[in-house]
Participant: 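Can you read through this structure? Questions will come right after.
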Amino acid sequence: LTLCIDNEVDWRDIDGDTCLAYEELDWCTASGEPGPGLGTNASLEDYADADGLNAGEVCCACGAGEDIFRLGVALGLYTSNGFAFDGDTFSGASLAAIHLALQELNGNDRVLAGRRVEFMVVDSKCHAETGYQAAISLDTWGADAVVGTTCSNSAVAAQTESHSHIIVTFGYAVDIGRLMEQAYAAGVGGEGFVWVGGADTAQPKLWEGMSSNVSESERNAIMQGYLGVRGYINTSTPEYVAFAERWRAQPATMDPVTGWCSSAMDDAGAPIYQRYDVDDNLTSYDACVGMVFNTTEEIPPYVAYWYDAVYVVAYALQMLLAGAEGGGSGDITRQELRDAMLAQSFVGVSGTLSFHADGNRSSGLMHEVVNHNGNSALQRVALWAPQGEVLECDVLREGPGLNVECGSVVWST
């Protein structure tokens with residue numbers, strides 16, 4: 001990636017020469033004057049194109065161009081059949097967090113030395129082929145880096161003949177809930193069984209999505225023994241408190257009553273929140289991944305991760321820019337950007353951020369382990385730090401700024 005974008009794509013002068021030729025042949029200087037390779041009596045105006053534009057008005061090598069950085073945003077917003085993914089993990093909240101971080105970066109001259117960050121939003125639909133096409137579109141647009149989800153939609157099947165009593169699920173809450181219901185009817189689940197799920201299932205939608213003819217007592221019986229792992233954020237830190245204020249102060253980007261959806265556009269000229277007719281039903285409202293920001297509603301934990309992800313990229317670029325302006329190369333390779341991202345260490349909204357060489361986070365990441373309590377609710381039973389070990393709640397209660405309450409696991413009996 002380059003630190004500057006020429007003002008005209010594929011520009012050529014009157015002789016058909018490009019900005020690259022001006023740079024490599026020393027036909028201009030960085031201050032916009034004729035270079036030694038152009039000759040002593042020549043001027044850049046002598047070689048202007050048919051519209052009168054010369055290299056000094058177009059080319060980065062000649063002092064023109066715009067300092068921008070292009071960030072691709074790939075999220076699973078809607079499935080291929082028009083169903084929205086769970087908003088607290090994938091859609092509106094994730095997109096709003098990224099958009100907020102980008103607006104802050106573009107309004108802060110102290111970060112990236114005032115350079116502008118452009119962004120493009122694509123819907124990967126958490127589908128392999130669609131995600132591949134989304135990646136191609138971001139690359140074609142010229143994205144220098146990409147932030148977004150890693151999705152898992154593995155097919156899950158419960159087989160009574162497997163004799164397995166610990167079942168690990170990968171999928172969406174409603175789908176897994178129906179699977180658990182059907183499995184229970186087939187003799188898989190309930191007494192003697194344990195279901196384990198990730199963040200997508202660790203929410204009330206897991207049992208709320210079961211058939212309407214399943215009673216509450218039956219749902220509790222099906223859910224007994226369920227364990228889920230989901231993100232946990234310490235919401236009492238100064239960084240998070242300040243972020244939460246900015247988050248809740250955002251203007252609404254949708255109205256669920258009237259169907260209004262924000263018409264804001266990304267830098268590729270596409271709507272950020274409007275998803276058009278995803279269900280092939282012209283009588284229904286066009287899909288929208290906007291949000292109404294509530295002053296009391298709990299902010300999904302993954303929002304902090306998306307917000308911090310944008311700043312990891314921005315701070316890495318800022319570090320490389322400082323090196324370039326200090327005499328380094330004017331171009332940055334993607335490997336250099338990746339290495340700079342892994343070198344970052346700062347206190348973000350989600351905690352302290354630092355990284356292992358393999359790209360995994362090495363600090364500040366925490367998950368809560370939740371269990372269905374047998375009474376139509378989830379309760380926390382432990383906190384787990386991937387960089388360490390399972391932490392007992394009694395220990396965590398003594399930590400600074402942590403207000404942790406945990407119950408006991410309700411197992412299937």
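Just so you know, residue 1 is the first one in the sequence shown, and it goes up from there.
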Participant: Start with the C-alpha gap between Ser354 and Ser363, add the side-chain angles, then the distance that decides, and say whether side chain to side chain donor-acceptor pair (under 3.5 Å) holds.
Facilitator: CA-CA 6 Å; Ser354 59; Ser363 64; 2.6 Å; yes
Participant: Under 3.5 Å, side chain of Asn54 to main-chain N/O of Gly56, donor-acceptor pair present?
Facilitator: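 It does hold such a pair.
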Participant: Rounded to the nearest 0.5 Å, what separation is found between the CG atom of Asp17 and the CG atom of Asp49?
Facilitator: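 The CG atom of Asp17 sits 12.5 Å away from the CG atom of Asp49.
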Participant: Supply the atom-to-atom distance Gln103 CD to Ile98 CD1, rounded to the nearest 0.5 angstrom.
Facilitator: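 Gln103 CD to Ile98 CD1: 12.5 Å, rounded to 0.5 Å.
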Participant: Set out, in order, the CA-CA distance, both residues' side-chain angles and the distance that settles side chain to side chain contact (heavy atoms under 4.5 Å, CB included) for His99 and Ser262, then state yes or no.
Facilitator: CA-CA 13 Å; His99 195 193; Ser262 170; over 6 Å; no
Participant: For Asp26 and Gly37, indicate whether the former's side chain and the latter's backbone hold a donor-acceptor pair under 3.5 Å.
Facilitator: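 Not at all, since once roles are kept as given, no pair shorter than 3.5 Å links the two residues.
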Participant: Give a yes or no on whether Asp358 atom CG has more than 12 heavy-atom contacts from other residues, nucleotides or ligands under 6.0 Å away.
Facilitator: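 Buried by this count: over 12 neighbours within 6.0 Å.
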Participant: If you look only at pairs with a residue in residues 234-262, which of them pass as a salt bridge (charged side-chain N to carboxylate O under 4.0 Å, His left out), with sequence neighbours excluded?
Facilitator: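 Those involving residues 234-262 are Glu104-Arg246.
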Participant: Check whether any side-chain N or O of Arg334 sits under 3.5 Å from a backbone N or O of Ala145 as a donor-acceptor pair, and report yes or no.
Facilitator: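 Here the side-chain-to-backbone pair does not exist.
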Participant: May I have the step-by-step check of side chain to side chain contact (heavy atoms under 4.5 Å, CB included) for Phe243 and Leu100, ending in yes or no?
Facilitator: CA-CA 10 Å; Phe243 162 76; Leu100 176 61; 3.9 Å; yes
Participant: Can you name the closest pair of heavy atoms from Val312 and Leu353 and give their distance?
Facilitator: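 Minimum heavy-atom separation between Val312 and Leu353: CG2-CD2, 3.8 Å.
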Participant: Taking the side chain as C-beta and beyond, is there a heavy-atom pair between Met254 and Tyr273 under 4.5 Å?
Facilitator: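 Not touching, per the 4.5 Å side-chain cut-off.
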Participant: Got Leu365 and Tyr305 here, is their nearest side-chain heavy-atom distance under 4.5 Å?
Facilitator: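 SC-SC contact between Leu365 and Tyr305 confirmed.
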Participant: Would you say Asp13's side chain and Ala55's backbone share a donor-acceptor pair under 3.5 angstrom?
Facilitator: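 Between the backbone of Ala55 and the side chain of Asp13 there is no qualifying donor-acceptor contact (under 3.5 Å).
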Participant: May I ask you to decide if Met341's main-chain N or O and Gln344's side chain share a donor-acceptor pair within less than 3.5 Å?
Facilitator: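 A pair under 3.5 Å: no.
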Participant: Could you state the interatomic distance from CG (Leu71) to CG (Leu317), rounded to the nearest 0.5 Å?
Facilitator: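 Going from CG on Leu71 over to CG on Leu317, the span is 10.0 Å.
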Participant: Met210 vs Tyr184, test: side chain to side chain contact (heavy atoms under 4.5 Å, CB included). Steps then yes/no.
Facilitator: CA-CA 12 Å; Met210 295 181 185; Tyr184 184 78; over 6 Å; no
Participant: Output yes when a side-chain donor or acceptor of Asn371 lies under 3.5 Å from a complementary backbone atom of Tyr226, and no otherwise.
Facilitator: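 Yes, the answer is positive, given that a donor and an acceptor are paired below the 3.5 Å cut-off.
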Participant: Do the two ring centres, one from His372 and one from Trp207, sit under 6.0 Å apart?
Facilitator: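 Yes: the rings meet the under 6.0 Å criterion.
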Participant: I'd like to know if the side chain of Gln203 and the backbone of Ala173 have a donor-acceptor N/O pair within less than 3.5 Å.
Facilitator: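 Between the backbone of Ala173 and the side chain of Gln203 there is no qualifying donor-acceptor contact (under 3.5 Å).
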Participant: What's the shortest heavy-atom distance between Ala97 and Trp306, and which atoms?
Facilitator: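 Minimum heavy-atom contact is CB-CB, 4.1 Å.
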Participant: Quick one: does any side-chain atom of Thr253 pair with a main-chain N or O of Met291 as donor and acceptor, under 3.5 Å?
Facilitator: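 Looks like yes, one N/O pair under 3.5 Å.
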Participant: Going by salt bridge (charged side-chain N to carboxylate O under 4.0 Å, His left out), name the pairs with one or both residues in residues 363-372, residues two or more places apart or in two chains.
Facilitator: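 Output for this query lists Arg230-Glu368, Glu368-Arg380.
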Participant: Locate the shortest heavy-atom distance separating Ala357 from Leu342; write the atom from each residue and the value.
Facilitator: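 Reported closest heavy-atom pair: O-CD1, 3.5 Å.
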Participant: Where is the tightest heavy-atom contact between Ala304 and Ser350, given as atom of each residue plus distance?
Facilitator: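 That would be CB-CB, 3.9 Å.
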Participant: Checking side chain to side chain donor-acceptor pair (under 3.5 Å) for the pair Asp339/Gln335: CA distance, chi angles, key distance, verdict?
Facilitator: CA-CA 6 Å; Asp339 292 342; Gln335 183 63 46; 2.9 Å; yes
Participant: How many angstroms lie between CE in Met223 and CG in Asn373, if you round to the nearest 0.5 Å?
Facilitator: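 It comes to 9.5 Å.
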Participant: Can you list everything that forms a ring-ring contact (aromatic ring centres under 6.0 Å, His included) with Tyr311? Sequence neighbours excluded, please.
Facilitator: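 Checked Tyr311 against ring-ring contact (aromatic ring centres under 6.0 Å, His included); matches are Tyr307, Tyr315.
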Participant: Ignoring hydrogens, what is the shortest heavy-atom contact between Thr18 and Arg12? Give both atom names and the distance.
Facilitator: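 For Thr18 and Arg12, the tightest heavy-atom pair comes out as CG2-NH1, 3.4 Å.
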Participant: Take Ile136 and Gln133 through the test side chain to side chain contact (heavy atoms under 4.5 Å, CB included) and record every step on the way to the result.
Facilitator: CA-CA 5 Å; Ile136 291 178; Gln133 295 299 326; 4.2 Å; yes
Participant: Checking Asp267 side chain against Met120 main chain: does a donor-acceptor pair fall under 3.5 Å?
Facilitator: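 A pair under 3.5 Å: no.
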Participant: Tell me if the SG of Cys19 lies under 2.5 Å from the SG of Cys59.
Facilitator: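 In this structure, Cys59 and Cys19 share a disulfide.
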Participant: Could you check if a side-chain atom of Gln274 sits within less than 4.5 angstrom of a side-chain atom of Cys288, using non-hydrogen atoms only?
Facilitator: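 Side-chain contact under 4.5 Å: no.
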Participant: Please check: side-chain N/O of Thr237 versus main-chain N/O of Tyr240, any donor-acceptor pairing under 3.5 Å?
Facilitator: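 Such a contact is found between Thr237 side chain and Tyr240 backbone.
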Participant: According to the interplanar angle, ranging from 0 to 90°, do the rings of Tyr22 and Trp27 count as parallel (below 30°), tilted (30 to 60°) or perpendicular (above 60°)?
Facilitator: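 Aromatic pair Tyr22/Trp27 classed perpendicular.
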Participant: To the nearest 0.5 Å, what is the distance between CZ on Arg219 and CE on Met180?
Facilitator: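 It is 12.5 Å, given to the nearest 0.5 Å.
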Participant: To the nearest 0.5 Å, how far apart are CZ in Phe193 and CD1 in Ile222?
Facilitator: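 Answer rounded to 0.5 Å: 13.0 Å.
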Participant: I'd like to check Val122 versus Trp141 (side-chain heavy atoms, cut-off strictly below 4.5 Å). Are they in contact?
Facilitator: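 Side chain of Val122 against side chain of Trp141, heavy atoms only: no contact under 4.5 Å found.
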Participant: Compare every heavy atom of Asp308 with every heavy atom of Gly351, then report the nearest pair and how far apart it is.
Facilitator: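 So the two residues come closest at N-OD2, 4.4 Å.
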